[in-house]
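Below: one structure, written as structure tokens.
Sequence positions, counted from 1, serve as the residue numbers for this chain.
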Amino acid sequence: MNMILKPVGSVRSPLKDRKQAPKQGSEGAPAADIEMLPEYADALLGLQAGAQLVLLTWLDRSDRTALQVHPRGDETRARRGVFATRSPDRPNPVGLHEVRLVSIHGLRLRVEPLEALDGTPVIDIKPLI
């Protein structure tokens with residue numbers, strides 16, 4: 001079975017490499033912008049500042065061959081299977097980010113906090129329920 005994912009936008013962030021990025025948004029991640037692609041403008045209807053959202057991203061700089069990792073990159077911790085961790089290195093590197101929508105300016109969504117790197121493709125946005 002083939003699956004085709006299409007980005008709906010991309011992250012614009014001061015975080016440029018993995019060493020800069022906190023492991024989780026709640027660990028000091030900055031605000032960032034989501035630049036939506038114009039063909040998805042109508043999908044923004046109903047979004048309002050203050051909304052809690054879940055961003056799904058494609059962690060495009062991840063190691064897709066990794067099956068085991070040291071949790072949080074700490075080599076003093078025992079290796080675990082990637083499905084037992086939130087490691088970005090995994091067969092299908094889908095990022096899951098809980099954020100607050102700060103503002104909307106046209107096709108630019110300001111969110112916080114977001115630990116995703118600059119240029120990371122956004123594959124979906126969902127309201128937090």
Within the side chain of [X], is there an N or O that forms a donor-acceptor pair under 3.5 Å with the backbone of [Y]?
X	Y	result
R110	S103	no
S62	R64	no
R72	R86	no

For side chain to side chain contact (heavy atoms under 4.5 Å, CB included), just list the numbers for V8 and I123, CA-CA rounded to whole Å, side-chain angles, deciding distance to a tenth of an Å, and then say yes or no.
-> CA-CA 5 Å; V8 299; I123 57 175; over 6 Å; no
Around [X], counting heavy atoms of other residues, nucleotides and ligands shown, do more than 12 lie under 6.0 Å from its [atom1]?
X	atom1	value
R80	CZ	no
E39	CD	yes
D74	CG	yes

Set of residues satisfying side-chain contact (heavy atoms from CB on, under 4.5 Å) with respect to E112, sequence neighbours excluded |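 Scan of E112 (side-chain contact (heavy atoms from CB on, under 4.5 Å), adjacent residues dropped) gives A31, R100, V102.
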What residues form a side-chain contact (heavy atoms from CB on, under 4.5 Å) with R12, not counting sequence neighbours?
-> S10, D33, E35, R108, D118
May I ask you to test the [X]-[Y] pair for a side-chain heavy-atom distance under 4.5 Å?
X	Y	result
T120	S13	no
Q48	L101	no
L59	D89	no
D63	P93	no
N92	W58	yes

Nearest heavy-atom pair of [X] and [Y]: which atoms, and what distance?
X	Y	answer
K16	R61	O-NH1, 4.2 Å
L67	P91	CD2-CG, 4.0 Å
P113	V99	O-CG1, 3.0 Å
P7	Y40	O-CE1, 3.6 Å
L107	A41	CD2-CB, 3.6 Å

Measure the CZ-OG1 distance between R79 and T85 for me, rounded to the nearest 0.5 Å.
-> 10.5 Å
Any chance you could lay out the side chain to side chain contact (heavy atoms under 4.5 Å, CB included) test for H97 and V54, step after step, and finish with the verdict?
-> CA-CA 5 Å; H97 316 271; V54 176; over 6 Å; no
Using the side chain to side chain contact (heavy atoms under 4.5 Å, CB included) rule, pick out the option among L117, L114, L55 that qualifies with V11.
->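 Output: one option passes, namely L114.
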Look at the side-chain heavy atoms of Ile, Leu, Val, Met, Phe, Trp and Tyr, link any pair under 4.5 Å apart, and say whether L37 and L47 land in one connected group.
->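 Yes, because L37 and L47 connect within a single hydrophobic cluster, where side-chain heavy atoms sit under 4.5 Å apart.
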Under the side chain to side chain contact (heavy atoms under 4.5 Å, CB included) rule, what do L128 and L53 come out as? Steps first, then yes or no, please.
-> CA-CA 5 Å; L128 183 65; L53 303 174; over 6 Å; no
Mind running side chain to side chain contact (heavy atoms under 4.5 Å, CB included) on T57 and V94 for me, showing each step along the way?
-> CA-CA 6 Å; T57 60; V94 175; over 6 Å; no
